[in-house]
Amino acid sequence: MPPADPSVMMEAMGTASLDSSIVAMPRGGPDASCLDRLLQTDRPEYLDRESVDAADEARKRSVIRALDWTGEVFGNHDRFAQLTLDEVADVADPRILELGAGHGGLSRRLLDWHPTARLTVTDVDEESVRTIAAGELGQHPRATVRTMDATAMDAGDGEFDLAVFALSFHHLGPEAAARVFAEGTRVATRLLIVDLPRPPAPLHLLRLATMLPFAPLVPFVHDGVISSLRAYSPSALRALAAHADPAIEVTLRGGLLSPQVVLATRPH
């Protein structure tokens, strides 16, 4: 048996070290403070759990309905739709992929606002996909509803002008989140991620203190607390993109108290 090539061994060791570091990376990023490193959890939200009984499924559906309701009442659907359309303003008939659609509120707004956009509306949760498909999106001539995993997208290279992932990115651990950067910039010209901000640790503690008393009583608040602890900081988002491919260019906007907006592109 020929001796192993030292250069290959060193490359493999370096890759293993990088993989290990990204898996263990704090949600606050490689430069997170000690306090910030404590303010995270691996506990799943109701949305992340496999339903084992009717009560679990009812909690999950109530969270999805609450997300859709707050999106309407507080203008998130409008705000995120405008962010999305701004990124395809130079495309006559944009092909848009929504990842982690949940309730489909963003895609509904995009179809209402853009007369020629074509939407592929996806989620990894099959029950959510069935619910979306049974509604108005399932009947819309410019919409396709299907199951898709954002970390392993069943789509061709450059198939879409834009992939958008709104308020779901924090559900993923670092290794899976890095794959979204890789896959999103593969199947689409641009990847737009809109997610929860991760405020500085003292402000984060204050926000959690206002939510925790209601978490055992209200499924939406329960998931909100966990979402807050799982949100990524700007430095973490940059590290995830670099891990996926150093060629990926990332632009960050917002944060602190407003949603974080991440635009990722990669030379094709």
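- Distance NE2/H103 to CZ/R65: 12.5 Å, rounded to 0.5 Å.
- T185 has its side chain out of reach of T265: every pair of non-hydrogen atoms, C-beta onward, lies at least 4.5 Å apart.
- Counting only residues at least two apart or in different chains, salt bridge (charged side-chain N to carboxylate O under 4.0 Å, His left out) contacts with residues 113-124 are absent.
- The shortest non-hydrogen separation linking R186 to G156 is NH1-C, 3.8 Å.
- Listed for the T210 side chain is a donor-acceptor partner under 3.5 Å among the backbone atoms of R207.
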F165 and L172: side chain to side chain contact (heavy atoms under 4.5 Å, CB included), yes or no, with the steps? CA-CA 12 Å; F165 200 16; L172 303 173; 4.0 Å; yes
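- Between K60 and D125, some side-chain heavy-atom pair lies under the 4.5 Å cut-off.
- With contacts defined as side-chain heavy-atom distances shorter than 4.5 Å, the pair R61/E127 qualifies.
- At distances below 3.5 Å, not a single donor-acceptor pair connects side-chain atoms of R198 with backbone N or O atoms of H204.
- The closest side-chain heavy-atom distance from L237 to V250 is not below 4.5 Å.
- Exactly one residue among D48, D195, D223 makes a salt bridge (charged side-chain N to carboxylate O under 4.0 Å, His left out) with R230. That residue is D48.
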Please walk me through it: do L99 and M153 pass side chain to side chain contact (heavy atoms under 4.5 Å, CB included)? CA-CA 9 Å; L99 302 163; M153 300 181 197; 3.4 Å; yes
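- Remark: the backbone N or O of A92 is paired with a side-chain donor or acceptor of T116 at under 3.5 angstrom.
- Aromatic rings from F169 and F181 are positioned such that their centres are separated by under 6.0 Å.
- Side-chain contact between E98 and M148 is absent, with no heavy atoms from C-beta onward closer than 4.5 Å.
- Of the possible polar contacts, one joining the D161 side chain to the R95 backbone as a donor-acceptor pair under 3.5 Å is found.
- Between T189 and V91 there is no side-chain heavy-atom pair separated by less than 4.5 Å.
- Shown here for A201 and S33, the closest heavy-atom pair between the two residues is CB-OG, 4.5 Å.
- Legend: salt bridge (charged side-chain N to carboxylate O under 4.0 Å, His left out) pairs involving residues 240-257, not counting sequence neighbours, sorted by first then second residue: D245-R266.
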Using side chain to side chain donor-acceptor pair (under 3.5 Å), reason through S233 and R238 one step at a time and then give a plain yes or no. CA-CA 9 Å; S233 72; R238 291 190 183 94; over 6 Å; no
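- Residue-environment remark: CZ (R49) exceeds the threshold of 12 foreign heavy atoms within 6.0 Å.
- The structure places CG of L97 at 11.5 Å from CG of L192, a figure rounded to the nearest 0.5 Å.
- Ring geometry, W69 versus F74: the interplanar angle exceeds 60°, so the pair is classed perpendicular (tilted spans 30 to 60°).
- Here the CZ-NE2 distance, from R142 to H114, works out to 8.5 Å after rounding to the nearest 0.5 Å.
- In this structure, the side chains of I22 and L240 come closer than 4.5 Å at one or more pairs of heavy atoms.
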Applying side chain to side chain donor-acceptor pair (under 3.5 Å) to D78 and Q82, what does each step give before you reach the verdict? CA-CA 6 Å; D78 289 352; Q82 189 60 61; over 6 Å; no
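- Applying the 6.0 Å contact sphere to CG of D157 captures more than 12 heavy atoms from other residues, nucleotides or ligands.
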